[in-house]
Structure formats: structure tokens, C-alpha cells
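Notes follow once the structure below has been shown.
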Amino acid sequence: MLLRMSSLFLRTLRDDPVDAEVPSHKLLVRAGYVRRVAPGIYSWLPLGKKVLDNVTRVIREEMDRMGGQEVLFPALLPRDYYEATGRWTEYGEALFRLKDRKGADYLLGPTHEEMFADMVRGELSSYKDFPVTLYQIQTKYRDEARPRAGILRGREFVMKDSYSFDLDDEGLKRSYEQHRETYIRTFERLGIDYRICFATSGAMGGSASEEFLAPAETGADAFVACRSCGYAANAEAVTTPAPPAGPAEHPPLRVLDTPDTPTIQTLVDFVNEHYGLGVTAADTLKNVVVKIRTPGSDKAEVLVIGVPGDREIDFKRLEAAVAPGEPEIFEAADFERHPGLVRGYIGPQVLKDLGITYLVDPRVVDGTSWVTGANEPGRHAANVVAGRDFTPDGTIEAAEIRAGDACPQCGSPLSIDRGIEIGHIFQLGRKYSDVAELDALGPDGKPIRITMGSYGIGVSRAVAVIAEQRHDELGLVWPREIAPADVHIVGTGKDDQIGVALSLAEELTARGVRVLVDDRPGVSPGVKFKDAELLGMPTILVIGRGLAQGVAELRDRASGEWEEIPIAEAVDRVAALVS
RNA sequence: CGGGACGUGGCCUAGUUUGGUUAGGGCACUUGACUGGGGGUCAAGAGGUCGCCGGUUCGAAUCCGGCCGUCCCGACCA
């Protein structure tokens, strides 16, 4: 492959685009890899297309190595498939919907579970046909409320999605492990720094689930990590270790007059000053009322959640904990309908009598003593003991996570970082096969309900993530396997240098090296060097003022190191780097 | 959907507060000359419905009204 800058469809920009915030966005636009067409929608220019193709190729090779079989569904889909699983309505605003000329409803596929399940049902019917794993590399469409960060999070994006179909849970587990290993190999090859995090399965349903997160300050997902044991989890999936049970004996419950103490801090100050309790916010039990709505219905159940008073409810964690239910704020009008709940002074002591479900943070174990509401305006209760004065209906992971919280595996302090989700694997189970009535006929002549796994990699996002992780102040720094070319040959100065650069380029091309050569006449060396650094090929070969002495410069883009080499050896040296 | 900002050649922008000749600059582009190792210099050019519609006015990029669009911060996702 030989690309000549003199004829390459490329224009680099000196200024950052005004709408770009994150480095990958700025650099991919400045280096002429992508151009914005509409919010969250980008075109790929020749160099960008090569990068995208390289990422795609790596993913495809690893999927094929695993035994996956590639298919391709349409992006434009009729409504019926998504009607059956309820997602035509459930997917909500994020679904691109359109009508054909007859007025029939269509959508642009945001994901393809339904199509895969249906295809397998149509083609396979015997237990002998399983297991099978199918995948596709497809453009997906999601009308995000707010696309941002260039191709990191667009409304149109390329995704590899695969689905495993197994006869039993053990098979599903095997398919899941295979994908896990394949993803590890894939991201290693792509040169992406990543963490495997326990995850919640979110809107897709299903059970066991892990996310591959690329650490980045600009990431949308918070995750925790433990230095000592390697535990890592998405913030939504972090579990809180329960402390040991408290002592059996406690002083009796005591109701206190606490006027004007609507917040935790005013309460703590008041009881310490007037009653000498010596408590902190962490000794109080904050009770938050929410409504949990079942999707697709108007019914909402009232739920009270108890968390230590020094912690806020993390709404994202709450949502994950109650999924597929949807939590809603309990408003003033709701309090009027439930006179037993005294706003600001709710205590768990009465919830059983009110018939309201009470879930607590895992730290609230039997034998722990709390300061909490007394269910009367202006009054709180102290020495309220879990297991004696109230009995929760269970625990819930809804309290915020903080750096320094105990690791659920080893107890060491956790750190919190941000990351970009680049892959997600999970064991879907039978949610879609139930809807599709996807069965195989077993050896005994009875149907076996197929169990599915679902696995995604953000392909175009991976390009942005690589750019995000591999750049410096000068420009992009592509890993060799992903770079548009192996070597960027710069011919500075006059015709001699450019002529030599071109002939070296042809020799290298003949050796199977992918070459980008800057043969633009009349462009100053400074411009060519800047462009070479911005574009980010891993190796830069300069044919310049050393030509008269028969030497060239061989530069490593990532380290910035360079050496002078005889031009006669240049082809061998570069070819050796590539093999 | 809530909050904030903005809309001027391909890109980045000045001008708008206080209406007044031909809307100015930088980058990029074309031509010529010089230069030739860090986005070089000089000269000459091409390129604009100032987001759209309406209003006020002798006169609107500028003031008023409406609409559209975009970006950023929050609630949602490969």
C-alpha cells in the first residue's frame, strides 16, 4: 500500500474545531480523519477509514478465531420484530423511527437481539445444531438525548455484536468465557488500556455481566478498583460488604424533641448539643421514599430506603438495583396520600404497620443502633436498633460509593475512576428466546429452550478510545496494527529528496510495508514534520538534508527517539520494524 | 427534558453594547517570486443570502418579535 500526500484526499487543520472538547475529537478532526456531518454523525475520510478498517479487521479476526460466524442484518428494520419484545415502546426516544411510503413503521436498529434470535429460530431446529455463535459488524443508530465527544458517543456508530446460543447454562457459561478471552486478545491487539469490571445488565435484562472499560478522564462511566486484589466494578454494580452484627444488648429506644432539624447536619448538631449523644452523620439513618414504577404500566409501588445519614442516594445505582422498575421521586402530593409518612422525620419503626416495603443499605445489620426519625414532626428517636425496633425487608445497593470504601472482596480501600465502555459481555439467558419461542428439539424428542449470551464491542468508539489514550501534545500516536500506514516517509526540500523518498516508498511497498509518503513539492519541512506528527504513523523516515551524505533519519513517533541511518539500509531497517 | 452560550466565506474569528460608505483579520486555497530542518516571507487573487422569517427605520450583521439550528453542563447509552 502506497499513499502519496501529493494526491491524498486530506486536509489537516491548524486550529481545533470549536465544538471539540476531548483530545480524540480534536485530533481526529484536525488530522483529517473524520468530519462532522450532523450532531453525533461523522464521515470517515481516507485515513480515518483505514483506521476504522484496521480496528474492524482485528475484531473480525479474533471473532473468527473463536469460532464466531459473521452475518449481516439490515440496519433498517420493520417494527414487528421489536413489537414482540415490547422494545418498540420500551426503547423510548432513543429509537430512530420512520415510515415507508405506505405508512408502515420502521426503525433504524439500535441493537439486534430480536433479529438474531429470529434468524436462529428460522434456520436451526435440532440440538445437534447447537451451540452456535453469530456476530455482525454493523452500523447502529441511537437517537441519544445528547451526543457528545465526537465519535466517542455518536448517534450513528459501528458496533460488533455477537450472540451465543446454547442448550444449557453450562454451555452459556462456556460461550461467555470464550468471548471474555477473545475480548482480552482483541483489546490487547488494539493497544487499548482497559479494565474488566463487574457490571449490571441494564435495560437488556439478563444476569452475569462484565464491562470492558477504558480508563479516561473524559469517560461517562464511574468504576471502582481495588489495588490489592484486583476487584473492579462499574459503580452501579459495586456491592457493599456488610459489617459484623452489632451487640445484642442496647439501651431502650428513646424519643427526643428535635425542633427545626429537617436535615442530617442540623439533627446531628442538635442532638449533640442538647442531649450529648456524641454522634456523627454516619450514626443516623436517613430514610428516603421513592416510587418504583413498572415499565409500561401506571402502577407505582412505594418503597422506603434506609441509608447511613452521611451518604446520598446514588440515583443511577438505585435505578440499577430496582431494574427493570423505574424509580421516581416521591413528591409532596404523594406524601399527602400517605399520612403515615412524616416528611423529614421518617423512621422505620412504623413501616411494617403501614405495609410499606423497607430496604436498607447493607451496612444496616442486626444489632446496629441508629438515630432516626420518630414519625412525628420535630421528633427523632435514638437507640433505634436494627432487628429489635425494626426489621428491614432486605438490603439494597443505592447509597453512593466513595473512594476509600471497603473492597467487597478483600476489604482494602477502593479507588474511583472514570472510563469509557468499549465492550460488554453478558449472559442474557432466555429473555429473547422465550419471546421468540426459540427451541431446539432434544434427543428425547422434547423441546429445549435455548439460552443466549450477548456481547458487544464499540468499533468506531474503539478508534476514538485509542486516539484518546495514545496521543501527545503533537498529535496522534497509533499502534502499528491500527495505523493507516506503517511508515510516514517525509521528503523535505527539493526534487532530489522527494525522488529518493518516492523510490524508497516503492521498495518498501514491494516488501509489503504500508507506506505514506509526503511527496508534496514546495511544502516547507516544518509543515511536513508537523503533519507527520499530527497524523501519527508509528515510524517516520526523513529524507532531507542528510541525502548528500547518504543518510536518512529514522524516528519513532511514540518515544520521539531518532537516529541517522545510511539510506542504503533504510528499507531493511523499516521492513524489520514491521515484521 | 432542565440550565448556560452561540449562529458572520471551507476552518478559527473581529464587528453587535451606541444602526450609517465597499463586513475586517488569521488559517486554508489559487498564481508568481523568494526561502528550504520545525506550520517561512513578499506580492497579487478567488471565495459571503452575516442561521431563517417578519417587524422598526431614510438605512439593520447590529434594534424588536418569532422560528430553526448548534455547542457546553446535568438526567440516559457500544
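Protein chains get the first letters and strands the later ones, always in sequence-line order, with residue 1 at the start of each.
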Given atom [atom1] of [X] and atom [atom2] of [N], what is their separation to the nearest angstrom?
X        : N     : atom1 : atom2 : value
A/Leu45  : B/C11 : CG    : P     : 14 Å
A/Asp221 : B/A75 : CG    : P     : 12 Å
A/Ile192 : B/A78 : CD1   : P     : 16 Å

Give one of base, sugar-phosphate or nothing for [X], where a contact means two heavy atoms less than 4.0 Å apart.
X        : value
A/Glu144 : base
A/Arg153 : base
A/Gly154 : base
A/Ile422 : sugar-phosphate

Relative to each other, are the rings of A/His25 and A/Tyr42 parallel, tilted or perpendicular (30° and 60° limits)?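 Plane angle over 60°, so perpendicular.
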For A/Phe212 and A/Arg11, find the nucleotide of RNA chain B closest to each by heavy atoms; which residue's nucleotide sits nearer the 5' end?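 The residue whose closest nucleotide sits nearer the 5' end is A/Arg11.
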A/Pro147 or A/Gly456, whichever maps to the more 5' nucleotide of RNA chain B: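 This one resolves to A/Pro147.
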Who pairs with [N] - Watson-Crick or G-U, where each distance is under 3.5 Å:
N     : value
B/A78 : none
B/G2  : B/C73
B/C63 : B/G55
B/C42 : B/G32
B/G7  : B/C68
B/A14 : none

For B/C71 and A/Arg36 - does any side-chain N or O of the residue sit under 4.0 Å from the phosphate oxygens OP1/OP2?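 So the side chain of A/Arg36 is within the cut-off, an N or O lying under 4.0 Å from OP1 or OP2 of B/C71.
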Does either side chain, that of [X] or that of [Y], offer a donor lying less than 3.5 Å from an acceptor on the other one?
X        : Y        : result
A/Glu113 : A/Thr111 : yes
A/Ser24  : A/Glu468 : yes
A/Asp53  : A/Thr56  : no

Can you list the steps and then say if A/Glu61 with A/Arg57 is a salt bridge (Lys or Arg N to Asp or Glu O under 4.0 Å)? CA-CA 6 Å; A/Glu61 284 173 7; A/Arg57 176 178 45 76; 3.6 Å; yes
Could you give the distance separating [M] and [N] at their [atom1] atoms, to the nearest angstrom?
N     : M     : atom1 : result
B/C77 : B/A5  : P     : 29 Å
B/U31 : B/C68 : C1'   : 41 Å
B/U22 : B/G59 : C1'   : 15 Å

Using a 3.5 Å distance criterion without hydrogens, assess whether the side chain of A/Glu397 forms a donor-acceptor pair with backbone atoms of A/Glu236.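 Judged by distance alone, no pair lies under 3.5 Å.
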Using the ring centroid of each side chain, check whether A/Phe116 and A/Tyr432 are separated by less than 6.0 Å.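 A/Phe116 vs A/Tyr432: aromatic centres not under 6.0 Å.
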Looking only at the aromatic ring of each residue, does the gap between the centers of A/Phe187 and A/Phe212 stay below 6.0 angstrom?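 Here the rings of A/Phe187 and A/Phe212 have centres that are less than 6.0 Å from each other.
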Whether each nucleotide of nucleotides 35-43 of chain B has a protein heavy atom under 4.0 Å at its base (B), only at its sugar-phosphate (S) or at neither (-) is summarised, 5' to 3', as -BBBBS---
